[in-house]
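Heads up, the thing below is written out as structure tokens.
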Amino acid sequence: MADPLSTSRAATRTEGRRVSDFSIVVATANGTGSQTANLTLLRAIFQMGVPVHGKNVFPSNIQGLPTWFHIRASAEGWVARQAPEIAVAYNPATLHEDVAALPSGGVLILNDDLRGAPERDDVITYRVPVKELMEDATAKGKLKDYLANMTYLGVVTQLLGVSLDEVHAALENQFAGRRKLVDANYPIVEKAWRWSESTLQKRDPFTIEPMSATDGLILVTGNDAAGLGSVFGGASFVAWYPITPSTSLVDALKSHLVDLRTDEDGTPSWTVIQAEDELAAIGMVLGAGWAGARAVTATSGPGISLMAEFTGLGYFAEIPAVVWDVQRVGPSTGLPTRTGQGDVGFAYTLGHGDGKHPVFLPGSVEECFEFGWRAFDVAEQAQTPVFVLTDLDLGMNTWMAQRFAYPDEPMRRGKVLRGDQIPDDFGRYRDVDGDGIAPRTLPGDPNPRSAWFARGTGHDDAAVYSERPEDWQANTDRLARKFDTIRGLMPAPVVDAIEDAKIGVICMGSTQYAIHEARARLAEAGQHVSLLRLRGLPIGEAVRAFISEHERTVVVEMNRDGQLCGILRAELPDLAARIHSVAHLDGLPYAADQIEAWLAPHLVATGELVAEEVV
Amino acid sequence: MADPLSTSRAATRTEGRRVSDFSIVVATANGTGSQTANLTLLRAIFQMGVPVHGKNVFPSNIQGLPTWFHIRASAEGWVARQAPEIAVAYNPATLHEDVAALPSGGVLILNDDLRGAPERDDVITYRVPVKELMEDATAKGKLKDYLANMTYLGVVTQLLGVSLDEVHAALENQFAGRRKLVDANYPIVEKAWRWSESTLQKRDPFTIEPMSATDGLILVTGNDAAGLGSVFGGASFVAWYPITPSTSLVDALKSHLVDLRTDEDGTPSWTVIQAEDELAAIGMVLGAGWAGARAVTATSGPGISLMAEFTGLGYFAEIPAVVWDVQRVGPSTGLPTRTGQGDVGFAYTLGHGDGKHPVFLPGSVEECFEFGWRAFDVAEQAQTPVFVLTDLDLGMNTWMAQRFAYPDEPMRRGKVLRGDQIPDDFGRYRDVDGDGIAPRTLPGDPNPRSAWFARGTGHDDAAVYSERPEDWQANTDRLARKFDTIRGLMPAPVVDAIEDAKIGVICMGSTQYAIHEARARLAEAGQHVSLLRLRGLPIGEAVRAFISEHERTVVVEMNRDGQLCGILRAELPDLAARIHSVAHLDGLPYAADQIEAWLAPHLVATGELVAEEVV
Amino acid sequence: MTVPAARQPNVVGLTKADYGGRPSTLCKGCGHNAVANQIVQVAFELGLRPNEIVKLSGIGCSSKSPAYFLGMSHGFNALHGRMPSIATGALSANHKLRALGVSGDGDTGSIGLGQFKHLLRRNVRMVYLVENNGVYGLTKGQFSPTAEDGLKLKYAGTNPFPPVEICAEALVSGCGFVARGFAGDAKQLRELLKAALSHRGTAVIDIISPCVAFNNEDDSQKSYAYGRSNEVPLEDIGWVPPQDDIVIDDHEPGETRVIELHDGSRMALTKVEAGYDPSDRGVALTRLQQAEARGEILTGLLYFDDQRPSLSEAVGLGQTPLAEMSDERLRPSREALERVLDRY
Amino acid sequence: MTVPAARQPNVVGLTKADYGGRPSTLCKGCGHNAVANQIVQVAFELGLRPNEIVKLSGIGCSSKSPAYFLGMSHGFNALHGRMPSIATGALSANHKLRALGVSGDGDTGSIGLGQFKHLLRRNVRMVYLVENNGVYGLTKGQFSPTAEDGLKLKYAGTNPFPPVEICAEALVSGCGFVARGFAGDAKQLRELLKAALSHRGTAVIDIISPCVAFNNEDDSQKSYAYGRSNEVPLEDIGWVPPQDDIVIDDHEPGETRVIELHDGSRMALTKVEAGYDPSDRGVALTRLQQAEARGEILTGLLYFDDQRPSLSEAVGLGQTPLAEMSDERLRPSREALERVLDRY
Ligand SMILES: Cc1ncc(C[n+]2csc(CCOP(=O)(O)OP(=O)(O)O)c2C)c(N)n1
Ligand SMILES: Cc1ncc(C[n+]2csc(CCOP(=O)(O)OP(=O)(O)O)c2C)c(N)n1
Ligand code: SF4
Ligand code: SF4
Ligand SMILES: [Mg+2]
Ligand SMILES: [Mg+2]
């Protein structure tokens, strides 16, 4: 099997030196524990001030199947997927493909103990005598195989011009300063580094040179950021069921709760429950939301399907809840360890019958943090289940980010009446303010007037069971009004409108990085494309304005059916004719050249490109 | 609580006689068993050749809550809901509202034992001494209360000019000729009828006169028709979980299986399993479909939500299944005994990730029968779960219909390879014909090449697990091609295009009856509106053509969010600007005057109506 | 404890009427009504504070009944079979609340079996009532999974499957309070309810609660299923005549009493003897099996053990419920955030 | 029965290799691989016809394994926890087929508990294997509901809940074949598999099948959880060294054997004595309780009773499977339709 991310076979630019601008792939087998070496390499480059990003391409399996770790260093700061010029080949199972995938002019760092690597005289090869380098390592047995990953760390860093001090610092950071661990690993790195320095002679153009582009930045995964954001949103109840790629979000959330939300006497201000399945997880979250806690769950595609019925209850009984969907490739069980954006259409109207739900669409780890706390505010203000759709690429991979900003406003708990605030004529679903949102009361309130009976069945505005047509319609019309109020609560899109650009691109989530890079390239070629990055549904006026201002709008999304495009066409029928779809899903994050290729026909249509130029 | 269907308060037309053109409402309490009397009244009118239709408005409860049975007789054949001019008031709990709801000039048939009926001197009142009439009835105790319903049957038929013979015949039919039952009931009917003849003096204009408009027609519910159609479709495995209003579909299906599909020796050619819930029901159906049986389930809204995950598996693993959704009012538990069309958007794309499903949209009991067998053909030809969306009004109410036509074509079992037909290079998902549909094999086949491993995870065209991007994309692109093939398998819409009409209406399902009546009225007023009744999704070219031919298309549907309208806008973006939505849901079937009112603004917009005329 | 007279205020100054709810829309004679009445009586006698109680239910006739008692208490009529997850979340958010859950045999034994069993594992502190009638009432008489093997019902035919034994299920799932009552035995029911309300974790009471509309044995002469097929059109399961409650008020411990249901079918109830020791799970299971073998239904407190911590105890919650914590306590400080960021 | 040598063809002319599947992608040393191997061996020894068997599973490492045996048999890798419903439908459509189902303790005991129990009530004719490792393997080491109360795992922390006892659950659900095996005891496992394959209804075998990657007790010296926290970065649960299979081949009936898992933690397996009479459900439940009290795990055939008809027998299916009926038999005649219409 071949590394799916190493697709380009075009010769790579080798004239002159390639300073801090290239991609590396490390090919190992799952379960061999190469992650430590990979993340250390990533961090070492980051420490040198060079913009860098890592993507882990792993199988849905625990041990033995091939896995590839991609690191892109880019002085210009590009982080989208890019076919690697440097390959570290440590996995016998994929040796052939890994070598074959290299562009001519590329670099191969080969575990010399592996046999049968294909000859590539158009590739610069460095052979690493792993066994030899491991010889006098103190560790024994299986642990030795594990530590063997440190050899390529040493060689690669040396070749790229990363000092041993940087590597050591990175290793310390990676091990959170745990001495024993550093001491077990570093000697091997050092040995390999010095061996490389003394024996290998650099023949390739790729180097890292110190910059200051990462000053003040952090390295973090989206799931970690989301967990942390939730904690700062006051998450107090978490129920979930394990599923890739959302599991690490809950793991992070829980460890941050332990760290930040446990009293001196050890009492937690939170409860995390591993439910028996996703139906139970969302049920628990709704029960907790009804009782007044800030409750959240995280899942992925299959879990969203199982949450359909309860989401409809939450919508109709009007109970706050936050649901994170770290999207993987669907339909069905699909590709659990690949990334996609295929749940947006389904989540937006989840549940039988009428109903729409607010959907946050974070596009960066910063937004994973921010929406982590904002989602609770919207859920409690609107008294409804709120979805946050991120994806595996954003959630599980390691990204550079600004230090997260502390919430700039107090927690918005929404309309909750307590004790004497509860009027004599209190009706749970009475729209006293005309915004479609009626004040609620919480169980446990001493005021006898506070009581109401939550239900998924038809009811009047006092929550009393009713089959009367006028009660049904009044109530659901109010829910529609409420949804309009919600428009004002969602984050505005990020718009980069280019003066008299004919084409506007609309995107969401993590695809923005490839799009930014593609737009920059197009701009160099004189083709200017505006961009609107949607950060939430329902849409507001800004989207209508953006589409109106452009001759043609192209909605780029990582699914097959063009789900977001369909939503926009349905909600903006008068503009639908101008709204075009670019929808592609194969499980891989987008690369800039894919975006360029997909936009080309549209540039041709608007006359900005002549057909011939399209390759 | 007031009868929701008796809404009009306008004075009714009383000048002259009202022959076979009026509505009756019978107000009783749930559990009192008035259904027999009501259906007998309905059938008696039907037997006289007069077009008639009955709607039961009942609560989600078993005993004691108010229920109303509506009968509309219409020489012209209109069957849509219409506010009644005649009320039979036998329920003390709703006496006041039932009387108050009558239009002036209306007729009240009052159980004289009930106290406190409001005075309405603008209403013709007949008082029925129920106790007295029941005096010498043989039955005792509770059964007596039950039989008391026969008194209004006698009085109403006499007043309307229905002969005792007709009533007797209707009663026999109702009791399927079971003597004992007829003998227990008829004497009371007769006594009441004769009492009415001798005592009451007819003061109202409403009468039934014999016609021949129902010759050769049958009276049947949509659920019964659906069950029968499924049997003629070869249904052999049924798994379901009880839920109103789909329960009577499975009851009918099962009794028809017992009747028509049991061998002489008593061996069934079918299995019906009451599952533990809807997740299990659809799972069983998919298991049976995979193993080669024609399998079907029936449910309603909440069940559809619970079937989301399995539907995605069926779509992706490509397993035939038929799912009936007898729609009730959602979201959530909603109004279990009220009608709606709120699941169309959800069912069409059910499941996380990408995926669309064929959806049949029967609009009559005849189509409930026809689609009952056709759905299996499409499911097996396309190897995918197929939905049939009907509703409570169509499913549980009693409609006139043409005798059902025997399937006009043999069962289409789709591409199934057996034994030696299986090629050496057999690949379960290999698109050998280019129509996106690959031949399948069935478990138990003696040919070793036949084996494949069904899965919801990514696979190559031999059904072998694969995470390769190109495998994923090739497979899902093929599924998209398959969906285009499916377009050609769905029933064409029924189009009534009016020469140079500016407005075209698109509808689905049971709302057609109110729309036909409204169109006729508009036509009388010189306003011509074309109609396209959609009978299935995905749409074909006919829909595009219809919309293109009209200045403005109005999509009328019984939900709040205009779900079908959204689908059409998304799939026909170039025409979306002309597609308008009329969406209303309060649990009641539409009445013609509602349709007129909703279309008015559109007629104004196209200049066919001047604003003033709109009331 | 002295029982206050209905019209007198109780220890918390409330009259019995204050514990009432909306008028019942269930069938006259339905066992579920009798249970609702006893809940009102017990809440009144114990002097419960309505605001300290939440009423929970799933979907079904039984699950409707929380609307008919404790009108001053908050309540949540959840989804079919999903009361346990709602309860788990609600009681986690506010572990000071006491939950009174009402479910049916279909709601708990069929669609809800998984959630029921996992609720018991977690030992969420609540009273869990299963109003057990062997049928699906609200959907008109299909078999529920607790229907006896071989039972013939007019509507549903013959049941070929062994019943789900609610008490046995509770026992193997580690439930610390397992009891069975009968809707018609008010005295026993009140005793069980009072004990359950003071239990540390989940207290399950399986209550035999006959359905007057659909639990009609085919061949029983008195059943109106019989009546229907012979005098009343069968299609017309729309006919549900009102019935009187079935009541037994002098059932002694150790005694077996045969009661007659509305359809004339009989049911043998055996009350555990006075000296029965409910502390052994194995014994409880065995006794259940023996009774079943004799075609009897064992009633009373079958198993009791309050050693296991409830969920909120297991997760170590303190005094303040999560739902009542101040925003300050819920959102860590600026400094705390900076500290975390420094690690990245 | 004489066991043919692997290379020799068996009674149906197939070699052992013919019963193999695709290469396993599970961890080296995973108990699930050992089970898969025994399935191949048993199918070969019994001379099963691959086309008469269907392989079914849910989702999990365990549920992947059907891909690794009987490559010439059809199979269905269903959804997480939903194998039972797929099995019920498939076996109803073709009751001539024999189903071999592989599930995990999470798949069956957690999300799938309800379907599992209802499958047993219906007595669908299939072999139902639970490859029980006490953890969620595929999602990296969370507790499964079968994990012991109080167990400490490096990743998952301490488990506060009582375990779901698969065998006890099967017993109370009326299952007629309840057994427990150990992945490392090939001989016993083969015997149990052979017996199960000839059972009339659902045959449940709970197989202790250690997870070498995640079932690592926190405080066990040999666990690499320990190793990890001290020498290897904890975050790196990505490190899963290959292990050897744990094997015991001389475990005698009645004997208690303590086995050591890869992490050094110990497990006491007690094999039911030679004379054990598996015909009494009550005894089986009691023995399970006693063993549990002693901290032992009881293995062997615990309960057997084939009196209850399987589902296809209960619904009275004839010779021809539904899936193989001719269109003529499935679609009634024109006349039949007219007859029905005449009634309307
Ligand atoms: C998901 C779902 N499926 C089916 C139904 C329909 N339904 C309502 S109540 C009920 C059964 C109730 O039986 P039980 O729990 O025994 O309560 P009872 O009415 O007998 O008291 C069913 C199947 C539903 N409301 N939701
Ligand atoms: C609906 C759904 N939820 C969650 C998951 C993620 N998931 C995959 S396997 C698994 C647990 C498997 O545990 P077990 O059944 O014990 O199998 P094991 O891997 O231990 O053999 C989970 C939670 C899923 N695939 N589908
Ligand atoms: S149908 Fe049965 S369960 Fe429901 S209310 Fe009536 S008697 Fe009670
Ligand atoms: S993770 Fe555990 S269960 Fe999964 S394959 Fe590895 S050892 Fe087996
Ligand atoms: Mg019940
Ligand atoms: Mg497991």
Side-chain angles (χ1 to χ4, degrees), chain A residues 1 4 59-60 301-302 304-306 308-309 312-313 315-317 329-338 340 342-343 345-346 349 351-356 455-458 467-470 472-473 476-477 480 559-561 563 565-567 569-570 573-574 576-577 579 584-588, chain B residues 1 4 59-60 301-302 304-306 308-309 312-313 315-317 329-338 340 342-343 345-346 349 351-356 455-458 467-470 472-473 476-477 480 559-561 563 565-567 569-570 573-574 576-577 579 584-588:
Chain A
M1 181 180 173
S60 178
I304 295 296
S305 283
L306 290 176
E309 190 192 13
L313 175 65
Y315 170 84
F316 190 73
V329 172
S332 200
T333 310
L335 299 176
T337 61
R338 295 288 190 263
D343 296 343
F346 190 59
T349 59
H352 62 278
D354 295 300
K356 287 183 180 160
R455 53 171 77 252
T457 40
E467 293 175 352
R468 296 170 62 235
E470 50 276 37
W472 179 269
Q473 201 156 10
T476 48
D477 288 351
N559 53 55
R560 186 199 63 187
D561 294 341
Q563 301 172 10
C565 179
I567 291 170
R569 286 170 174 173
D574 54 316
I579 306 176
H584 289 271
L585 174 66
D586 66 2
L588 307 182
Chain B
M1 181 180 174
S60 178
I304 295 296
S305 283
L306 290 176
E309 189 191 15
L313 175 66
Y315 170 84
F316 191 72
V329 172
S332 199
T333 309
L335 299 176
T337 61
R338 296 289 190 263
D343 296 342
F346 189 58
T349 59
H352 62 277
D354 295 300
K356 287 182 181 161
R455 53 171 76 253
T457 40
E467 294 175 350
R468 297 171 63 237
E470 51 276 37
W472 178 269
Q473 200 156 12
T476 49
D477 288 352
N559 53 55
R560 185 198 64 187
D561 293 342
Q563 300 172 11
C565 179
I567 291 170
R569 285 171 174 173
D574 53 318
I579 305 176
H584 288 271
L585 174 66
D586 65 5
L588 308 182

> A/A570: what forms a side-chain contact (heavy atoms from CB on, under 4.5 Å) with it, not counting sequence neighbours?
Replying inline: none

> Do you know which of A/P59, A/G351, A/G355 has the most heavy-atom pairs under 4.5 Å to chain B?
Replying inline: A/G351

>> Only pairs of heavy atoms separated by less than 4.5 Å count here; which of B/A577, B/G566, B/A317, B/G312 has the most with chain A?
In response: B/A577

> Do the side chains of A/Q473 and B/H584 get nearer than 4.5 Å, heavy atoms only?
Replying inline: yes

> What heavy-atom pair brings A/D343 and B/G353 nearest, and what distance separates the two atoms?
Replying inline: OD1-N, 2.9 Å

> chain B: which of A/G340, A/G345, A/G458, A/G587 shares the most heavy-atom pairs with it under 4.5 Å?
Replying inline: A/G458

> Of all heavy-atom pairs between B/P302 and A/E309, which one has the smallest distance, and what is that distance?
Replying inline: CB-OE2, 3.7 Å

> Shortest non-hydrogen contact from B/S332 to A/L313?
Replying inline: OG-CA, 3.5 Å

> Hey, does the side chain of B/S305 reach the backbone of A/H352 with a donor-acceptor pair shorter than 3.5 angstrom?
Replying inline: yes

> Which distance, rounded to the nearest 0.5 Å, do you find between the CG of A/D574 and the CD1 of B/I579?
Replying inline: 12.0 Å

> Do you know which two heavy atoms are closest between A/D586 and B/W472, and how far apart they sit?
Replying inline: CA-CD1, 4.1 Å

> Ignoring hydrogens and geometry, is there a side-chain-to-backbone donor-acceptor pair from A/D354 to B/P331 under 3.5 Å?
Replying inline: no

> So which heavy atom on B/A308 is nearest to which on A/F346, and how close?
Replying inline: CB-CZ, 4.0 Å

>> If we define contacts as heavy-atom pairs under 4.5 Å, which of B/N559, B/D477, B/T349 has the most with chain A?
In response: B/N559

>> Out of B/R560, B/R569, B/Q563, B/R455, return the one with the most heavy atom pairs under 4.5 angstrom to chain A.
In response: B/R560

>> If the condition is side-chain contact (heavy atoms from CB on, under 4.5 Å), which residues does B/T333 pass it with, not counting sequence neighbours?
In response: A/T457, B/R328, B/P336, C/I59, C/L79

>> Using heavy-atom distances under 4.5 Å, tell me whether A/A480 contacts chain B through its side chain, its backbone, both, or neither.
In response: both

> Under a 4.5 Å cut-off applied to non-hydrogen side-chain atoms, are B/L585 and A/T476 in contact?
Replying inline: no

>> With a 4.5 angstrom heavy-atom cut-off, is it the side chain or the backbone of A/T337 that approaches chain B, or both, or neither?
In response: side chain

